Amino acid sequence: MKKVIIVGAGTAGLASGIRLLKDGFDVEIYEKNEKPGGRMFRIEEKGFQFDVGPTIVMMPELYREVFEYSGANPNDYLDMSLLNPFNTIYYPDGTKLEISSELPSLIRQLEQFGPAETKGYLDYLSSVYERYQRVKNHFLDKSYRSAWGFFNPKSLYQAYKLKTLNSAYTSISRFVKDEKLRQALSFQTLYIGVSPYSGPSIYTIIPMIELLYGVWYIKGGMYQMTKALERRFLEMGGVINYNSPVEEILLVGNKTAGVLVNGKPRYGEIVLCNADFPYAMKNLIKDESKKGKYKTSKIDTMKYSTSSFILYLGLNKKYKTNVHSIRFAEDFKRNIDELDNGTLPMDPSFYMYSPSQIDPTIAPNGKELIYVLVPVPNMQKGKSEWTTDEVETYKNLVLNKIEKIKGFEDVKDHIEVLKTFTPKTFNYKFNLEYSATFGLKPILTQSVYFRPQNKFKTIDNLYFAGSSNHPGAGVPIVLASAQLACKEILKDHKPNE
Ligand SMILES: Cc1cc2nc3c(=O)[nH]c(=O)nc-3n(C[C@H](O)[C@H](O)[C@H](O)COP(=O)(O)OP(=O)(O)OC[C@H]3O[C@@H](n4cnc5c(N)ncnc54)[C@H](O)[C@@H]3O)c2cc1C
């Protein structure tokens, strides 16, 4: 039986492992950390269960698909429920917008802006739905081995029809005039680490997916998905080695031969790398001549997504808020431009996640868990080194903002646990180049055919699945990346030959 070695037990690594076991391969994972999940990690302290990275569950069918593919019932692994309202947006003038995928509630909220704006919003949904179908059918489900796969008349026609050359914000502005609605429908590009003012308009599909397919909650938090993937992988006979950083992807000529871990070779005919692509290219492939177009000099000049500064608060008091909420900065445009030009925002927009509002398993009885994410520049652009003093100052800036929220005035007196993840933490914990928490920036020149593909061209038997590879970042999208990488392996290999 052919052996596949997977580098990394992140979402895409585990999902690929399950698929490959089902396909009949022998699979072994090497993971640098002490437990699985990668960015979908967990910190546990004093009974608080903090999800580290992802929190918003979209496209639940992709979460379920990997279990179905393996022959299992996803309901035996995940308990998912629809959230409504799924997000509350707070504007600096004190107003708010509750976003719901339940049509009557949504319309009630929109009609505050008048019938013309409500119609504009509905027109946006219908137009973007059509573009989404095109993306799904022509680009998301397909990987590219050759230029012809993309540069053929059919694909080029579909790409042209996507009309993706303007920015997300400009595209939304055609449908709604009110600045608050424009922001509410374009800020979601930040979910993949790109500015709504410069990110391609195709990412306006994100709020459409939230609205039409819903935002879901997994009981026990996002880490349940990690635990479920790990459980399924082990049940199927897979092997995972934790605390086992891969030092090198071994090559014999132009072929992979396995990996080097703790100075020892581990042999396998096929290597699937889930460690983030830019890091892997720079550090795990030692021979520059084998890297094709992804030499170190190119990796350094590629464009990277934004980073994140996160406070994880365990509070010894109950606070009333929503599971997901966003608070916009006074000057949203300036705040976003700062992320692009490398300035640390002093009046940042931020996102709050409080699963303990609806899930008693997340925090001890009578206590609240709050996760506060502030988008900040990555370390390619940003000037901050995230020294202890800088972290302390920024932490206080964020806490000062939280205590200004109605009902949170005494928050500083009730902190039982306080943890931070800075860009630097993301860099060393998960090997994210330039601390870009969403990997390579999804601009047009780094998307679809132009994103690093799932089969590596210049080294045989080397494949990639993850955020910086095709199709891109986000838990459902890296699950799709795993599907594509495994299909590429099956095109080249039979498990028993
Ligand atoms: C703060 C934050 C918020 C997010 N919010 C959302 C959200 O709400 N919804 C959503 O869908 N997505 C969200 N995302 C994106 C999503 O988390 C990621 O796209 C996805 O989890 C990435 O999975 P992955 O498998 O590509 O990579 P990773 O999770 O990074 O997995 C790669 C694995 O490889 C391991 N590794 C690296 N180097 C080595 C080595 N040398 N040897 C062995 N192992 C190695 C790493 O430790 C890691 O476990 C968020 C991400 C972040 C950081």
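These figures come from a predicted structure and were not determined experimentally. First listed ligand is number 1; within each ligand, the first listed atom is number 1. Computation of the quantities below employed the complete heavy-atom set of this structure, encompassing side-chain atoms and omitting hydrogens, waters and symmetry-equivalent molecules.
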Q. Taking atom 50 (C) of ligand 1 as the point of reference, which of Tyr428, Tyr30, Phe438 owns the nearest heavy atom?
A. Phe438
Q. So which protein heavy atom does atom 22 (C) of ligand 1 come closest to, and at what separation?
A. Ser467 OG, 3.1 Å
Q. Identify the closest protein heavy atom to atom 42 (N) of ligand 1: which residue and atom is it, and at what distance?
A. Val246 N, 2.8 Å
Q. How far is atom 44 (N) of ligand 1 from its nearest protein heavy atom, and which residue and atom name does that atom have?
A. Lys32 N, 3.2 Å
Q: Give the contacting part of Ile310 toward ligand 1: side chain, backbone, both or neither, where contact means a heavy-atom distance below 4.0 Å.
A: side chain
Q.
I need the contact type for Ala12 against ligand 1. Using non-hydrogen atoms and a strict under-4.0 Å cut-off, is it side chain, backbone, both or neither?
A. both
(Q) Please report whether ligand 1 has a polar contact with Arg39, defined as an N or O pair separated by less than 3.5 Å (distance criterion only). (A) yes
Q) Given that the side chain starts at C-beta and the backbone is N, CA, C, O, which of these parts of Val478 lies under 4.0 Å from ligand 1, counting heavy atoms, or is it both or neither? A) side chain
Q) Can you check whether Leu369's main-chain N or O pairs, donor with acceptor, with Ser354's side chain at less than 3.5 Å? A) yes
Q. At a non-hydrogen distance cut-off of under 4.0 Å, which region of Tyr191 contacts ligand 1 (side chain, backbone, both, or neither)?
A. neither
Q) Among protein heavy atoms, which sits nearest to atom 24 (P) of ligand 1, and what does the distance come to when rounded to 0.1 Å? A) Asn274 ND2, 3.7 Å
Q: Give the contacting part of Asp276 toward ligand 1: side chain, backbone, both or neither, where contact means a heavy-atom distance below 4.0 Å.
A: neither
Report all side-chain donor-acceptor pairs from residues 476-487 shorter than 3.5 Å, counting only partners two or more places apart or in another chain.
residue, atom, partner, partner atom, Å
Ser481, OG, Asn454, ND2, 3.3
Ser481, OG, Gly466, N, 3.1
Ser481, OG, His470, O, 2.9
Gln483, NE2, Glu65, OE1, 3.2

**Q.** atom 21 (O) of ligand 1: the protein heavy-atom neighbour that sits closest, reported with distance to 0.1 Å
**A.** Thr11 OG1, 3.7 Å
(Q) Evaluate Asp460 against Lys290 for salt bridge (charged side-chain N to carboxylate O under 4.0 Å, His left out), listing each step before the verdict. (A) CA-CA 10 Å; Asp460 285 343; Lys290 300 282 194 283; over 6 Å; no
**Q.** Location of contacts on Asn33 toward ligand 1, heavy atoms closer than 4.0 Å
**A.** side chain
(Q) Other residues, nucleotides and ligands only: do more than 12 of their heavy atoms fall within 6.0 Å of NZ on Lys429? (A) yes
Q) What is the closest protein heavy atom to atom 49 (O) of ligand 1, and at what distance does it sit? A) Glu31 OE1, 2.6 Å
Q) Is there a donor-acceptor contact under 3.5 Å from the side chain of Arg451 to the main chain of Gln446? A) yes
